Amino acid sequence: QNLIQKVRERSLGRIPAYSYTWFIVVGECVTLIGSVITLIPYGWLYALAAVAVSIPRLLAIRKRVGIEWSIFNRTTPGSRKLVYWSNTIQRQSPVQEMRIFGARNQFLNQIKIMQRNLLEKTIAPLKVYLKSTIIPIILESVFFFFMIYLKIPAVLKGVLSVGSLTFFL
């Protein structure tokens with residue numbers, strides 16, 4: 001019975017989450033390919049630089065997906081206990097028993113303590129991930145401004161129109 005309940009609770013979200021993850025990966029790859037195709041007329045160096053700058057962002061996305069799976073599919077004793085307690089308070093007879101015996105506040109306090117502990121364990125990898133995403137953002141911003149810096153003289157000379165510069169970016 002417990003195995004059936006565990007499969008029912010855990011399996012519902014896995015297929016959409018897995019599909020969503022692949023849609024993100026495919027979307028990022030299509031964006032990268034589109035960027036390379038649009039940058040080729042301006043020179044291969046720009047296209048290769050765009051690919052090189054995009055790799056850290058793709059790695060950060062891969063890391064985020066791994067963190068999402070580890071957080072949402074974690075089956076530690078504490079998370080199993082919290083799921084059990086949550087299911088318990090959703091049924092009428094245990095709630096009535098808690099009211100009769102005056103254990104409601106104690107039970108809710110234990111749930112809050114368990115949630116706080118699980119949240120603290122979950123936030124640690126998220127903080128590491130957030131720190132690691134700063135580097136790709138800075139790298140892409142520097143690349144963006146470097147590309148503008150290289151193309152502004154062509155716009156000022158009239159070789160490249162403002163619309164072409166905007167498309168280039």
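Just so you know, these numbers use all the heavy atoms, side chains as well, and skip hydrogens, waters and symmetry mates. As the structure is a computational prediction, the values presented were derived from the model and not from experiment.
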Acceptor/donor pairs from residues 135-147 side chains to any protein atom, 3.5 angstrom cut, sequence neighbours excluded:
from, atom 1, to, atom 2, distance (Å)
E140, OE2, R57, NE, 2.6
S141, OG, I137, O, 2.9

In short, salt bridge (Lys or Arg N to Asp or Glu O under 4.0 Å) pairs touching residues 43-55 with sequence neighbours left out are none
> Which is it for E28 and F23 under the side-chain contact (heavy atoms from CB on, under 4.5 Å) test, yes or no, and what are the steps along the way?
Replying inline: CA-CA 9 Å; E28 291 293 330; F23 283 131; over 6 Å; no
- prompt: Mind checking whether K127 and I123 have side chains closer than 4.5 Å, heavy atoms only?
  reply: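 A side-chain contact exists here, since the closest heavy-atom pair is under 4.5 Å.
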Go through the steps for L32 and L58 under the test side-chain contact (heavy atoms from CB on, under 4.5 Å), then give the verdict.
CA-CA 10 Å; L32 182 62; L58 293 174; 4.0 Å; yes
Checklist entry - Linking I/L/V/M/F/W/Y whenever any side-chain heavy atoms sit under 4.5 Å apart, do V51 and I33 land together? => result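 Per the 4.5 Å side-chain linkage, V51 and I33 are not co-clustered.
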Practice problem: Please check if I148 and Y46 belong to a single hydrophobic cluster, counting links between Ile, Leu, Val, Met, Phe, Trp and Tyr side chain heavy atoms closer than 4.5 Å. | Solution: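 Both belong to a single hydrophobic cluster.
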Rounding to 0.5 Å, atoms CG (L45) and CG (L39) come to a distance of 10.5 Å
Shortest non-hydrogen pair, P56 vs A52, comes out as CD-O, 3.4 Å
Looking only at heavy atoms, the pair that brings I37 and P41 closest together is O-CD, 3.4 Å
